S.K.: 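Below you'll find the structure I mean.
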Amino acid sequence: MYGLITIFMFAVAISFVFSLLLRFTSLQESSIAWIILTLSFLTLFIGGFVSGGKGKEKGWVLGATTGGAYTLVIFLFQYLGNDSLFTLHQMLFHLGFIGVATLGGIIGVNMSGGNVKKA
């Protein structure tokens, strides 16, 4: 849950900053699409890292679950709000998001030390 909350906190902050930039500058959405995509992957990595660090074991499961929960929330917003399903393009991005969150979870467990078992 900590990882998912982290993801959405970063997403709201990044969305706010870029909405202000788009509104008050001459930037176009197409000119910053790659920056937003990069920040999205970084945000999912950080969310997976946080969930793995808090969980202290099975980081790949925690990271994948965090990425999957994010994807499910986005899918529900899109389906219930816009009455549309994911396109193939969006599915590939979300598979990448889940993969990056999984990697973040693995690294998060290893950086936190995990559970050390003594013989």
Side-chain angles (χ1 to χ4, degrees):
M1 199 63 171
Y2 287 107
L4 196 58
I5 291 169
T6 302
I7 290 170
F8 282 111
M9 285 176 35
F10 273 102
V12 167
I14 290 169
S15 295
F16 181 71
V17 168
F18 279 105
S19 67
L20 290 176
L21 285 173
L22 288 170
R23 173 69 176 104
F24 296 112
T25 66
S26 62
L27 284 174
Q28 298 295 318
E29 189 175 346
S30 60
S31 65
I32 58 171
W34 287 104
I35 296 169
I36 293 172
L37 180 63
T38 303
L39 289 173
S40 298
F41 277 106
L42 182 63
T43 299
L44 267 290
F45 178 82
I46 292 169
F49 186 87
V50 168
S51 66
K54 291 284 186 182
K56 305 236 187 254
E57 62 183 22
K58 295 185 182 176
W60 67 276
V61 173
L62 294 171
T65 302
T66 301
Y70 171 79
T71 295
L72 178 65
V73 168
I74 297 302
F75 175 77
L76 289 174
F77 269 100
Q78 182 172 329
Y79 181 70
L80 297 173
N82 297 329
D83 198 26
S84 64
L85 299 174
F86 277 170
T87 63
L88 178 62
H89 193 73
Q90 288 173 312
M91 279 193 234
L92 292 175
F93 279 128
H94 281 276
L95 284 174
F97 289 156
I98 293 170
V100 167
T102 302
L103 181 64
I106 292 168
I107 294 172
V109 164
N110 290 323
M111 295 297 284
S112 70
N115 286 339
V116 178
K117 296 181 182 180
K118 295 182 181 180

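Treat the numbers as computed from the prediction; the structure is a model and nothing was measured.
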S.K.: CG/Leu37 to CD1/Ile32 distance, rounded to the nearest 0.5 angstrom?
M.R.: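 Leu37 atom CG to Ile32 atom CD1 measures 12.0 Å (nearest 0.5 Å).
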S.K.: Any side-chain heavy atom of Thr87 within less than 4.5 Å of one from Gln90?
M.R.: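 Yes; the side chains approach each other to less than 4.5 Å.
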S.K.: Side-chain contact, heavy-atom cut-off 4.5 Å: Ile7 with Leu44?
M.R.: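 Sidechains of Leu44 and Ile7: in contact.
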S.K.: Whether the side chain of Ser31 engages the backbone of Leu27 through a donor-acceptor N/O pair (distance < 3.5 Å, no angle test) should be reported.
M.R.: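 No; judged by distance alone, with no hydrogens or angles, the pair does not exist.
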S.K.: Can you measure from NZ (Lys54) to CG (Leu62) and round to the nearest 0.5 angstrom?
M.R.: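 Going from the NZ atom of Lys54 to the CG atom of Leu62 covers 12.5 Å.
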S.K.: To the nearest 0.5 Å, what is the distance between CG (Leu103) and CD1 (Ile98)?
M.R.: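 Between atom CG of Leu103 and atom CD1 of Ile98 there are 14.0 Å.
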S.K.: For a 4.5 angstrom cut-off between non-hydrogen side-chain atoms, does Tyr70 reach Thr66?
M.R.: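 In short, these two side chains do not touch, never coming nearer than 4.5 Å.
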S.K.: Under 3.5 Å, is there a donor-acceptor pair between the side chain of Glu57 and the main chain of Val109?
M.R.: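 Not confirmed, Glu57 side chain does not pair with Val109 backbone.
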S.K.: Taking atom CZ as the centre, does Phe41 end up with more than 12 heavy-atom neighbours from other residues, nucleotides or ligands that are less than 6.0 angstrom away?
M.R.: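 Result for CZ/Phe41: enclosed.
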S.K.: If you group Ile, Leu, Val, Met, Phe, Trp and Tyr by side-chain heavy-atom gaps below 4.5 Å, do Val100 and Phe49 land in one group?
M.R.: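 Per the 4.5 Å side-chain linkage, Val100 and Phe49 are co-clustered.
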S.K.: In terms of hydrophobic clusters joined by side-chain contacts under 4.5 Å, are Leu85 and Met91 together?
M.R.: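 In one cluster: yes.
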S.K.: Is there a path of hydrophobic side-chain contacts, each under 4.5 Å between heavy atoms of I, L, V, M, F, W or Y residues, that connects Leu76 with Ile5?
M.R.: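 In one cluster: no.
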S.K.: For Met9, does the CE atom sit with more than 12 other heavy atoms under 6.0 Å from it, leaving out its own atoms?
M.R.: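 Counting neighbours around CE of Met9, 12 or fewer heavy atoms of other residues, nucleotides or ligands fall under 6.0 Å, so no.
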S.K.: Looking at Gln78 and Phe75, would you say the former's side chain and the latter's main chain have a donor-acceptor pair under 3.5 Å?
M.R.: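 Not a single qualifying donor-acceptor pair exists.
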S.K.: So, do Leu42 and Thr38 sit near enough that their side-chain heavy atoms are less than 4.5 Å apart?
M.R.: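 They are not in side-chain contact.
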S.K.: Is the number of heavy atoms from other residues, nucleotides or ligands under 6.0 Å of Tyr79 OH greater than 12?
M.R.: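 Count not over threshold, so no.
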S.K.: Between atom CD1 of Ile36 and atom CZ of Phe18, what is the distance when rounded to the nearest 0.5 Å?
M.R.: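 Answer rounded to 0.5 Å: 5.5 Å.
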S.K.: Less than 4.5 Å apart, side chain to side chain, heavy atoms only: is that true for Ile74 and Phe86?
M.R.: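 Yes - at least one pair of side-chain heavy atoms lies under 4.5 Å apart.
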S.K.: Is there a side-chain contact between Phe45 and Ile107 (heavy atoms, below 4.5 Å)?
M.R.: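 With C-beta onward as the side chain, the pair touches.
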S.K.: Rounded at 0.5 Å granularity, tell me how far CD1 in Ile35 sits from OG in Ser40.
M.R.: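 Answer rounded to 0.5 Å: 11.5 Å.
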S.K.: Is Phe77 linked to Leu80 within one hydrophobic cluster, defined over Ile, Leu, Val, Met, Phe, Trp and Tyr using a side-chain heavy-atom separation of less than 4.5 Å?
M.R.: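 Yes: a chain of side-chain contacts under 4.5 Å links Phe77 to Leu80.
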S.K.: Which heavy atom in His94 sits nearest to a heavy atom in Thr71, and how many Å separate them?
M.R.: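 In this case the closest contact between His94 and Thr71 is ND1-OG1, 3.1 Å.
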S.K.: Mind checking the CZ-CG spacing from Phe93 to Leu88? Nearest 0.5 Å is all I need.
M.R.: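 It is 10.5 Å, given to the nearest 0.5 Å.
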S.K.: If you compare all heavy atoms of Leu4 against all heavy atoms of Ala69, which two are closest, and at what distance to 0.1 Å?
M.R.: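 Closest approach of Leu4 to Ala69, heavy atoms only: CD2-CB, 3.9 Å.
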S.K.: According to a 4.5 Å side-chain heavy-atom criterion applied to Ile, Leu, Val, Met, Phe, Trp and Tyr, with indirect links allowed, do Leu39 and Leu21 form part of one hydrophobic cluster?
M.R.: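 Result: yes, single cluster for both.
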